[in-house]
Amino acid sequence: MARIPTARLATYGQVAELLGAWGRARQVGWALRRLPLPTPIPWHRVVNARGSITMTPSREGSDWIQRDLLVAEGIPVDARGRVPLARFRWDPPLPLVF
DNA sequence: AAGTTGACCTCAT
DNA sequence: AATGAGGCCAACT
């Protein structure tokens, strides 16, 4: 995730692919849920494939923090958490191979 | 040990 | 636009 440039967006699925874990977007979400905040990892640049911040009470506020961080980077977020994914999507250069 | 729960995704109504 | 089905799989009951 640290590879995602400032003011660019990636999806959970993209991050999974980058790890060589195609189809395992859920596990990316699992990992992010566990991130201790604050963290230097730019977790806020990861949104869902529908192009929005996943807004749910189970995130205990990190969804709203994500909103603030994205707006602070210049990425607009509407009232329902939608972001212009098509415009800001980051295309990873190469998958990681271990 | 079996069933449930998610910061998910794609495809089909 | 909004659901629903099915797939995914580590953790947690």
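We use all heavy atoms of the structure for the numbers below, so side chains are in, but hydrogens, waters and symmetry mates are not. In what follows, every chain begins at residue 1, and chains take the letters A, B, ... in the order their sequences are listed.
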Next on the checklist: Does B/dA7 have OP1 or OP2 under 4.0 Å away from a side-chain N or O of A/Arg33?
Outcome noted: yes
Checklist entry - Can A/Ser62 and A/Arg59 be counted as having a side-chain donor-acceptor contact under 3.5 angstrom? => result yes
Item to check | Distance between P atoms of B/dA1 and C/dC8 (Å, rounded) | outcome: 22 Å
Item to check | Working for side chain to side chain contact (heavy atoms under 4.5 Å, CB included), residues A/Trp43 and A/Gln66 | outcome: CA-CA 8 Å; A/Trp43 54 273; A/Gln66 182 171 15; 3.7 Å; yes
Checklist entry - Please give, in whole Å, the distance from B/dA7 P to A/Met55 CE? => result 13 Å
Checklist entry - Do A/Glu73 and A/Arg45 meet the salt-bridge criterion of a basic N to acidic O distance under 4.0 Å? => result yes
Next on the checklist: Both A/Arg80 and A/Gln27 contact DNA chain C. Which one's nearest nucleotide lies toward the 5' end?
Outcome noted: A/Arg80
Checklist entry - Rounded to the nearest Å, what distance is computed from the CZ atom of residue A/Arg59 to the P atom of nucleotide B/dC8? => result 8 Å
Checklist outcome for this item: By nearest-heavy-atom nucleotide on DNA chain C, the more 5' of A/Arg26 and A/Trp30 is A/Arg26
Checklist outcome for this item: Here the distance between atom P of B/dG6 and atom CG of A/Asp63, to the nearest Å, is 14 Å
Checklist entry - Transitively linked via ILVMFWY side-chain contacts under 4.5 Å: A/Trp22 with A/Val15? => result no
Checklist entry - For A/Leu69 and B/dA7, what is the distance between atoms CG and P respectively, to the nearest whole Å? => result 18 Å
Checklist outcome for this item: A/Arg50 CZ to B/dA7 P, in whole Å, measures 13 Å
Item to check | Atom-pair distance (CH2 on A/Trp22; P on C/dG7), nearest Å | outcome: 13 Å
Next on the checklist: C/dC12, OP1 or OP2 - any side-chain N/O from A/Arg34 closer than 4.0 Å?
Outcome noted: yes
Next on the checklist: With a cut-off of less than 4.0 Å, is there a side-chain N or O of A/Arg24 near OP1 or OP2 of C/dC8?
Outcome noted: no
Checklist outcome for this item: Rounded to whole Å, the CG-P distance (A/Asn48 to C/dA2) equals 14 Å
Checklist entry - Nearest-Å distance, CG (A/Leu32) to P (C/dA11)? => result 14 Å
Item to check | Phosphate OP1/OP2 of B/dG6: any A/Thr56 side-chain N/O under 4.0 Å | outcome: no
Checklist entry - Does a side-chain N or O from A/Thr11 land closer than 4.0 Å to OP1 or OP2 of B/dC8, or not? => result no
Checklist outcome for this item: On a heavy-atom basis, the closest approach of A/Leu70 and A/Val77 is CB-CG2, 4.1 Å
